[in-house]
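Notes for the one structure printed next.
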Amino acid sequence: MKMLLANAEAWPGFDTTVAQLKDGGAGLDAMVAGIAKVEREAKVRSVGYGGWPNMLGEMEFDAGVMDGTTRDVGAVGAVPATLPVSALALEVMRNLPHVMLTGAGARRFATERGFAIDETLHPDSKRVWWERLQKEMSPEQLAAFPDIALAPLSNAITDPERVRDTTVFLGRDASDGIGVVTSTSGWAWKYPGRLGDSPIVGAGFYADSRYGAAACTHTGEMTMRCGTSRSIVLALRLGHSLGDAVKLAVEELGELTTGFLAGVVIHAMDAKGNHKVVSFRCEEEIRYWYWDERMAAPELRIADKA
Ligand code: ASP
């Protein structure tokens, strides 16, 4: 059964992916086509052009793709000046012997593959970034910026609860191939070079067409420590139901007591046609998009609370 599951940010591209899946398109290509629209939509204030810069006011994008039939993966992290980065992750998967590129090397590869150098800092993101940073800096820091220690500021300002999110698409195509694609600008005011979980296979995403797929949003610093997406797919392989597999991953997140702890949202599907979206420690109501081939149109649904 053809299926598509994505988080609420997916609205600009969800229908594009559904249309391509309906037409028999390959899952990863269909999902990258949809996410590319999300990345270029300025109204989506967490991904691509509408996202948020790092502490230096520079956009750094993370993305990942996984083909659950071959377990091939492509990922890019801290990439400047490039849209759509999910398409760049797919290029890494298809054209290099590597799984992940970061920073300047990823941008170099983007140029080799024909990606333009994009202006990616939204004027409103620039304004908010600088206003917030200014408030936190002493006159001495302000005068010397950016040649100052950023870590104390990063601890004070980085605000994953206010401005951050990722778009995640998990899909099953006409050949029963299950795949997953992620894209984000990461946390606002993150320390330069910080990677979240979105480009980290096993943490932010994982797919195996025989069992299912999972992808996470919100606090990557937690899902990276637990290998959350891989845990879920491994639990499916070991015979657990989708509900139990997600419950196990939530338990592991709940066992963390140190480090940065906040909310996580898990999106998961199994190869039997079930899906589950669960929010853990998120105060706000979490919504997600779902479509399968039995449905006339995609639906925006409310996630369960863990
Ligand atoms: N998980 C992403 C990260 O840690 C951000 C998010 O989805 O909110 O960069």
Side-chain angles (χ1 to χ4, degrees), residues 2-53 59-67 72-96 100-101 106-107 109-122 125 164-173 177-186 196 198-199 201 204-205 207 213 215 217 267 288-289 291 298:
K2 296 176 206 166
M3 292 169 69
L4 185 64
L5 172 64
N7 62 334
E9 276 74 5
W11 61 267
F14 197 84
D15 289 348
T16 299
T17 302
V18 167
Q20 293 198 12
L21 290 176
K22 276 186 182 168
D23 282 354
L28 287 186
D29 294 292
M31 289 189 276
V32 166
I35 288 199
K37 291 199 167 168
V38 183
E39 290 190 34
R40 293 193 190 284
E41 173 55 68
K43 289 195 209 102
V44 176
R45 300 309 311 271
S46 53
V47 173
Y49 180 61
W52 297 92
M59 299 301 291
E60 291 185 325
F61 299 111
D62 298 340
V65 303
M66 183 161 187
D67 179 333
D72 282 325
V73 171
V76 290
V79 190
T82 307
L83 294 172
V85 275
S86 48
L88 185 61
L90 191 58
E91 295 279 340
V92 169
M93 188 186 100
R94 290 186 173 157
N95 296 288
L96 284 173
M100 180 184 279
L101 293 181
R107 182 53 245 184
F109 177 66
T111 301
E112 280 182 28
R113 300 303 303 170
F115 285 71
I117 297 196
D118 281 303
E119 176 46 67
T120 52
L121 181 57
H122 189 296
S125 301
R164 55 92 185 85
D165 212 344
T166 301
T167 193
V168 296
F169 279 46
L170 300 82
R172 185 166 177 190
D173 65 17
I178 293 179
V180 57
V181 182
T182 67
S183 175
T184 186
S185 60
S198 310
V201 60
F205 64 100
T217 64
H267 308 75
Y288 69 92
W289 289 100
W291 170 85

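- No donor-acceptor pair under 3.5 Å is formed between the side chain of Arg172 and the backbone N or O of Lys2.
- Side chain of Asn7 to backbone of Val168: a donor-acceptor contact under 3.5 angstrom is found.
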Discussion item. Apply side-chain contact (heavy atoms from CB on, under 4.5 Å) to residues Phe61 and Thr184 and explain how you reach the verdict.
Written reply: CA-CA 6 Å; Phe61 299 111; Thr184 186; over 6 Å; no
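- Listed by first then second residue, pairs satisfying ring pair (Phe, Tyr, Trp, His ring centres under 6.0 Å) with a partner in residues 18-44 number zero, not counting sequence neighbours.
- Residue pairs meeting the ring pair (Phe, Tyr, Trp, His ring centres under 6.0 Å) criterion with at least one partner in residues 5-30, sequence neighbours excluded, are Phe14-Trp289.
- Annotation for Met100 and Pro199: closest pair CE-O, 2.8 Å, computed over non-hydrogen atoms.
- Applying the side chain to side chain donor-acceptor pair (under 3.5 Å) rule to Glu91 yields the partners Asn95, Arg113; only residues at least two apart in sequence or on another chain are considered.
- Every residue two or more places apart in sequence or in another chain that forms a side-chain contact (heavy atoms from CB on, under 4.5 Å) with Ala89 is listed here: Ala63, Val65, Val76.
- Taking the side chain to side chain donor-acceptor pair (under 3.5 Å) definition, one finds that Ser185 meets it with nothing, sequence neighbours left out.
- Using a 4.5 Å heavy-atom cutoff, the side chains of Val201 and Met66 are in contact.
- Taking the side chain as every heavy atom from C-beta outward, Met59 and Tyr49 never approach each other to under 4.5 Å.
- Nearest heavy atom pair, residue Pro298 against residue Val18, reads CG-CG2, 4.3 Å.
- Considering all non-hydrogen atoms of both residues, Ala81 and Arg107 come closest at O-NH1, 3.0 Å.
- A pairwise comparison of heavy atoms in Phe169 and Ala10 identifies CE1-CB, 3.4 Å as the closest pair.
- Across every non-hydrogen atom of Ala213 and Ile178, the tightest pair is CB-CG2, 3.6 Å.
- Not counting sequence neighbours, Ala19 has no partner by the side-chain contact (heavy atoms from CB on, under 4.5 Å) test.
- In this structure, CG in Asp173 is found 12.0 Å from OG1 in Thr17, a value given to the nearest 0.5 Å.
- Under the ring pair (Phe, Tyr, Trp, His ring centres under 6.0 Å) criterion, no residue pair touches residues 74-94, with sequence neighbours excluded.
- In terms of the side chain to side chain donor-acceptor pair (under 3.5 Å) criterion, residue partners of Ser198 (sequence neighbours excluded) are, by chain and number, Thr166.
- Between the His122 side chain and the Gly50 main chain, no donor and acceptor come within less than 3.5 Å of each other.
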- Message: Assess the residue pair Lys22 and Trp291 against the criterion (side-chain contact (heavy atoms from CB on, under 4.5 Å)); give the C-alpha distance rounded to whole Å, side-chain angles, the decisive distance to 0.1 Å, and a yes or no.
- Response: CA-CA 11 Å; Lys22 276 186 182 168; Trp291 170 85; 3.7 Å; yes
Report the C-alpha distance between Val79 and Glu60 in whole Å, list the side-chain angles of each, state the deciding distance to 0.1 Å, and finish with yes or no for side-chain contact (heavy atoms from CB on, under 4.5 Å).
CA-CA 5 Å; Val79 190; Glu60 291 185 325; over 6 Å; no
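- Residues satisfying the side chain to side chain donor-acceptor pair (under 3.5 Å) test with Asp62, not counting sequence neighbours, are none.
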Contacts under 3.5 angstrom, residues 28-40 side chains, donor-acceptor by atom type, not counting sequence neighbours:
residue, atom, partner, partner atom, Å
Asp29, OD1, Arg94, NH1, 3.0
Asp29, OD2, Arg94, NH2, 3.2
Lys37, NZ, Thr16, OG1, 3.1
Glu39, OE1, Val85, N, 2.7
Glu39, OE2, Val85, N, 3.4
Glu39, OE2, Ser86, N, 3.0
Glu39, OE2, Ser86, OG, 2.8
Glu39, OE2, Ser183, OG, 3.0
Arg40, NH2, Leu83, O, 3.3

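- Taking the side chain as every heavy atom from C-beta outward, Leu101 and Leu96 approach each other to under 4.5 Å.
- In terms of heavy atoms, Ala207 sits closest to Val180 at CB-CG1, 3.9 Å.
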